[in-house]
4 protein chains.
Amino acid sequence: MTATPQTSPVPARPGRPRSARADKAILEATLDLLAEEAGVAGVSMEAVAARAGVGKTTVYRRWPNKERLIVDALAALKHPLPELAGRSVREDLLTLARSIGADHTDRRSRCVWNVLGGFDRHPELLARYRQEVIEPRREVVRGVLRRGVATGELRPDLDIEVAVTMLVGAMTLQGRVPAPPPADPAGAAERLAEGVVDALLRGIAA
Amino acid sequence: MTATPQTSPVPARPGRPRSARADKAILEATLDLLAEEAGVAGVSMEAVAARAGVGKTTVYRRWPNKERLIVDALAALKHPLPELAGRSVREDLLTLARSIGADHTDRRSRCVWNVLGGFDRHPELLARYRQEVIEPRREVVRGVLRRGVATGELRPDLDIEVAVTMLVGAMTLQGRVPAPPPADPAGAAERLAEGVVDALLRGIAA
Amino acid sequence: MTATPQTSPVPARPGRPRSARADKAILEATLDLLAEEAGVAGVSMEAVAARAGVGKTTVYRRWPNKERLIVDALAALKHPLPELAGRSVREDLLTLARSIGADHTDRRSRCVWNVLGGFDRHPELLARYRQEVIEPRREVVRGVLRRGVATGELRPDLDIEVAVTMLVGAMTLQGRVPAPPPADPAGAAERLAEGVVDALLRGIAA
Amino acid sequence: MTATPQTSPVPARPGRPRSARADKAILEATLDLLAEEAGVAGVSMEAVAARAGVGKTTVYRRWPNKERLIVDALAALKHPLPELAGRSVREDLLTLARSIGADHTDRRSRCVWNVLGGFDRHPELLARYRQEVIEPRREVVRGVLRRGVATGELRPDLDIEVAVTMLVGAMTLQGRVPAPPPADPAGAAERLAEGVVDALLRGIAA
DNA sequence: TTTTAATCGAGACGGTACGTCCAGTCTTGTC
DNA sequence: GACAAGACTGGACGTACCGTCTCGATTAAAA
């Protein structure tokens, strides 16, 4: 039984409450700037504040520095986890592969990597990003694989972590390192997703 | 014995020749700074020049901007491509997986990603990096897979690009996204390499 | 006996009355900060409110801005006008010279000038300060001089304003412009007061 | 005999020399801003840099903070010491009184006080201003008085410091403290100068 | 006793300026 | 010419106050 209103343990902090509109405007502005040509480099606290129609103070009151702001903006950006049909391992993995692929294809999400890069100096930030954004996604994949092992669809001796990393790694890398991105990145991602899931399931050995 | 100045086919530009020592000192300084706690963020042209004991002019005479300098420094860092025994596909893939893993495990190489991130705005740089650093490595992997198909070790209908991406993606991601890196990253990388190659070869389906 | 509430011509506004303690605390805090090492520069409305244990609103409800607050604080600080014996012009002028000197010797009063400086932009403030603080003092000096003329102690053709300015100017300047202030500022002020009054009375010509 | 060029002990510092134009532009801009309606409060380092057409860095390279810059600007502003005829003490004192008066009448000089005020926290600045600007002027007055004593024009027992302070104090104060400044400040200053010198010479006693 | 209305503290708001740090360029004199 | 030194413009960084604006909680007199 939770506390009743009159005994609420969170008695509303004193002072003027923070503006929810400001919160939203700042995040929006950040994402906007991120999506423009300059990418992360185009995000400056001053620009964010200006575009959000907000004082710099208001930004700094909520986020202690640029990195933190960008991580939060990015976290707000991740596509929601997809619904899984649960009919077969193959179908579920395909759904997940597509979803992860989408997270790395669209204009704004691509720059997650830029930020992540700067995290060598902010280990606690990277940790937070991992915990809040990455792990939940990996966990879903793990769940599908575990279920597959249980139902006998997958090998009983499967190293789940390895399989997760292969799926996520392949979908993450796509469009980033290989030769000039194709004219039709979405189509390419789709084909890759299918290819990866099938290769993973059947193996590549003859 | 290299060509003496007077027989050089490049008839020796007038004025003082560029100092080879400066070139080296600058690259070294860049790598040093990269390896320090601040990572890429700690690399500023001023710091590089100062540490190299060189004027800023001298740096800018050779590299037009910070990104270019860092790419070149990083390129000098990549582990050389390993020798392949050629006895079996599995053995060769394992060798390659280890090598790629190593490229993303050690202190300095990790920050390649930071830089890559900033490349959305410098497509020609990303292209150059892909062409000079990444493609040669992918090509080696491709070669092994093609040979495997030819010898019948691998499925004849194998989608080689997909397989390359799975191998490289998995090894690239390792240690980056999953929960706090293990105490023994080198050992973990080794285990991952084996797991990935085997999963890739045999598939994960029952 | 002062007017009782019910006969008061100001029939007590509705709502909670202003706290007299707050008034005092704010003025005290201002003077405190003024007296600290940072001087006027150390007085910020936030610091005043904090030190007075009062909300910023409470300060701004009483004083419209920093200048006004500081003037009022300073006005509260001026030494009261001294009693004049009236036995001789010399004695009275000496008393006044000492009093004015004291106003410019002690730690907090010194900074009156700082504030006055900023008044070029607030002419109405300067006017108020002149009217409420300075003129009353000059008027006392004027009175003494007029009386001296009347009693025949001073020249009949004396330009009173000039004489006032000389006395006040000399005592105001002391300790401010000349080389490093003496170890014993009070003693120096005393000697200066005597010297000034005598030079003024007798002239410096042979 | 000073060092010849080739053995110069100041062998020209390495690097690009500082731009003399920038120096001048910055000082000009500062004085400009000082003279505008806002006075000292209108002088911000950003405004100075902008108006001087110069980067903020360039200002900060030369002056460590706003106070220092303003003092230097102000010092450059003082009217040059007047030539003294030397024919009589009265004439010379009158010349000096007028000069000092002028220093406190014109638009820009008035704000010297504002700045001086802020010096309680920068004792070394005040010291410098005293030494470089004020003392030279007092010294000239002292010289005239000493000469007067020597020629017998002034009392042999004259306390020179007191007389200096009276003259300087009176002329400094004029236009600052008394009731609203007259329509014709220059004329008023002239009349005050004469009145002060005469009162000083003859005394005010009957 | 219940309004009613101005007070209180706390603290968020949009701004402006501070003084610092780099990027990339330019300008010296020396080698 | 290249070199080291270092000045140049420009612009973002993160901090500190200004004067204004809500909040919820007192506090007294009026109803």
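Keep in mind that the numbers below use all heavy atoms, side chains included, and drop hydrogens, waters and symmetry copies. Here is the naming used below: chain letters follow the sequence lines, and residue numbers restart at 1 for every chain.
Taking the side chain of D:S19 as heavy atoms from C-beta on, and the options E:dC18, F:dC8, E:dA23, the nearest nucleotide is F:dC8.
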Report task. Check step by step if side chain to side chain contact (heavy atoms under 4.5 Å, CB included) holds for C:V59 and C:K56. Result -> CA-CA 5 Å; C:V59 180; C:K56 260 168 63 167; 5.6 Å; no
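In this structure, B:P17 reaches the sugar-phosphate backbone alone: every heavy-atom distance under 4.0 Å involves primed, P, OP1 or OP2 atoms, never a base. Among the protein residues, B:R62 comes within range of the sugar-phosphate backbone only, with heavy atoms under 4.0 Å from sugar or phosphate atoms but none that close to a base.
Rounded to whole Å, atom P of F:dG11 lies 19 Å from atom CE of A:M45. Rounded to whole Å, the distance from CG on B:L69 to P on E:dG24 is 10 Å. One atom, CD of D:E46, and another, P of E:dT20, lie 13 Å apart when rounded to the nearest Å. Rounded to whole angstrom, the span from the CG atom of A:N65 across to the P atom of E:dT20 amounts to 21 Å.
Distance CZ/B:R62 to OG/B:S19: 6.0 Å, rounded to 0.5 Å.
For F:dC3, the base has no donor-acceptor partner in the side chain of B:R16 [N/O atoms by modelled type, under 3.5 angstrom].
Position along DNA chain F of the nearest nucleotide to C:G15 versus A:V43 favours A:V43 as the more 5'-ward residue. The residue among D:R18 and A:K66 whose nearest nucleotide of DNA chain F is located toward the 5' end is D:R18.
Counting heavy atoms from C-beta outward, A:T30 and A:I26 have side chains that approach closer than 4.5 Å.
Sorted by residue number, the members of residues 47-61 of chain B with any non-hydrogen atom under 4.0 Å from DNA chain E read B:K56, B:T57, B:Y60.
For D:R51 and D:E36, the salt-bridge test passes: some basic side-chain N is under 4.0 Å from an acidic carboxylate O.
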